[in-house]
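Numbers for residues simply follow the sequence, beginning at 1.
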Amino acid sequence: MEFAIVPGGPDDGPRAARLHAESWRTAYRGIVSDAYLDGECAADRATTWAKRMAEWNPARAALLFARAADGTDLGFACALLDAEPEFGVLLDNLHVRPALKRGGVGRALIAATGRWVAATAPGTPMHLTVYRDNAIAVSFYRRMGGIENDAGMHPFKDGTSAPILRFVWREPALIAG
């Protein structure tokens, strides 16, 4: 499948929110409660992205979409320079439409994000956290060369929590796309 990596901006929050919720409903089944995924997930993601885009600063953040020639969004990535500077630039989101996983979209997005980090904050590592039980994502980040560490537990709104891992790329420009 042919696609291009294109930058997003403040008007693209709803696009990111839709993809974000779609991805969560599949990837987080069995990790996050079904009630949340089937209920408030979409509205929660829409609120999160509306807030993020209202404060958007393209000098401090990147939003990249994998977009097909017909304009269909296949996936997206979002990196934030200032979110967790003690670990480097935060790759806060990397989501691919569930049916398109293992088709190169995620690989292209993480590589493009790594290049953005290297250009924007030279010498700064990139990192992310992922649910330990999200086996597909954990395997992907391992294949992409991330250095893995235990990062504790992530609490949910319903009072439950799940273990998370942190992956770090010391030289994000070297992530192969």
Handout entry: Connected via hydrophobic side-chain network under 4.5 Å: Leu63 and Met126
Key = no

Practice task
Please work out whether the ring planes of Tyr28 and Trp24 are parallel, tilted or perpendicular, with thresholds of 30° and 60°.
Solution key: tilted

Practice task
Scan side-chain atoms only and decide if Arg45 and Asn93 contain a donor-acceptor pair under the 3.5 Å cut-off.
Solution key: no

Fill in the blank from the handout: One should read off an interatomic distance between Glu84 CD and Leu90 CG, to the nearest 0.5 angstrom, of 5.0 Å

Exercise for the section: Given side chain to side chain contact (heavy atoms under 4.5 Å, CB included), test Arg60 with Leu80 step by step and report yes or no. Expected result: CA-CA 6 Å; Arg60 307 302 300 163; Leu80 307 170; over 6 Å; no

Handout entry: Arg29 vs Asp38 side-chain heavy atoms within contact, under 4.5 Å
Key = yes

Handout entry: Any donor-acceptor pair under 3.5 Å from Arg132 side chain to Ala162 backbone
Key = no

Practice task
Return yes when atom CD of Glu2 has more than 12 non-hydrogen atoms of other residues, nucleotides or ligands closer than 6.0 Å, and no otherwise.
Solution key: no

Practice task
For the residue pair His20 and His95, categorise the inter-ring angle as parallel (less than 30°), tilted (30 to 60°) or perpendicular (more than 60°).
Solution key: tilted

Handout entry: Chi angles and distances behind the side chain to side chain contact (heavy atoms under 4.5 Å, CB included) call for Phe167, Val130
Key = CA-CA 8 Å; Phe167 281 86; Val130 61; 3.6 Å; yes

Problem - Rounded distance [0.5 Å steps], CG in Leu165 versus CG in Asn149 - result: 8.5 Å

Handout entry: Distance-minimising heavy-atom pair for Thr124 and Gly88
Key = CG2-CA, 3.8 Å

Practice task
Give the minimum heavy-atom separation between Trp49 and Gly13, together with the two atoms involved.
Solution key: CB-O, 3.6 Å

Practice task
Might you point out which heavy atoms bring Ala111 and Ile175 nearest each other, and give the distance in Å?
Solution key: CB-O, 3.5 Å

Exercise for the section: Indicate, with yes or no, if Val6 and Met53 share a hydrophobic cluster defined by side-chain heavy-atom contacts under 4.5 Å among Ile, Leu, Val, Met, Phe, Trp and Tyr. Expected result: yes

Exercise for the section: Kindly indicate whether a cation-pi arrangement holds for Arg15 with Phe76, taking the cut-offs as under 6.0 Å to the six-membered ring centre and within 45° of the axis. Expected result: no

Handout entry: Within 6.0 angstrom of Arg143 CZ, more than 12 heavy atoms from elsewhere
Key = yes

Practice task
Apply side chain to side chain contact (heavy atoms under 4.5 Å, CB included) to Thr72 and Phe3, showing your working.
Solution key: CA-CA 9 Å; Thr72 301; Phe3 60 90; over 6 Å; no

Problem - Point-to-point distance, once rounded to the nearest 0.5 Å, from CG of Asn134 to OG of Ser139 - result: 10.5 Å

Exercise for the section: Answer yes if Val89 and Ile5 sit in the same cluster of Ile, Leu, Val, Met, Phe, Trp and Tyr residues linked by side chain heavy atoms under 4.5 Å apart, and no otherwise. Expected result: yes

Problem - Asp73 side-chain N/O to Gly75 backbone N/O, donor-acceptor pair under 3.5 Å - result: no

Handout entry: Value rounded to 0.5 Å, distance of CG in Leu94 from OG in Ser23
Key = 8.5 Å

Completion exercise
Contacts of Asp11 meeting salt bridge (Lys or Arg N to Asp or Glu O under 4.0 Å) (sequence neighbours excluded), chain-then-number -> none

Exercise for the section: State, yes or no, whether a side-chain contact exists between Leu128 and Trp169 at a heavy-atom distance under 4.5 Å. Expected result: yes

Practice task
Please round to the nearest 0.5 Å and tell me the distance separating atom CG of Asp92 and atom CZ of Arg52.
Solution key: 4.5 Å

Practice task
Spell out, yes or no, whether Val117 and Val168 are grouped together once hydrophobic residues are joined by side-chain heavy atoms under 4.5 Å, including indirect joins.
Solution key: no

Handout entry: Over 12 non-hydrogen atoms of neighbours within 6.0 angstrom of CD in Glu171
Key = no

Problem - Leu91 reachable from Trp56 in the ILVMFWY side-chain graph, under 4.5 Å edges - result: no

Exercise for the section: Answer yes or no: is there a side-chain heavy-atom contact under 4.5 Å between Pro163 and Met153? Expected result: yes

Practice task
Please answer whether the main-chain N or O of Leu109 pairs with a side-chain N or O of Thr113 as donor and acceptor at a distance below 3.5 Å.
Solution key: yes

Practice task
Check the pair Ile110, Tyr141 against side chain to side chain contact (heavy atoms under 4.5 Å, CB included), reporting the backbone distance first and the verdict last.
Solution key: CA-CA 9 Å; Ile110 198 170; Tyr141 297 132; 4.1 Å; yes

Exercise for the section: Give a yes or no on whether the backbone of Ala4 and the side-chain of Arg67 come within a donor-acceptor separation of less than 3.5 Å. Expected result: no

Exercise for the section: Might you confirm whether atom CD1 of Ile147 has over 12 heavy atoms from other residues, nucleotides or ligands at distances under 6.0 Å? Expected result: yes

Handout entry: Nearest heavy-atom neighbours spanning Ala21 and Ala42
Key = CB-CA, 3.9 Å

Exercise for the section: Return yes if some donor-acceptor pair links the side-chain N/O of Thr120 with the main-chain N/O of Trp116 below 3.5 Å, else return no. Expected result: yes

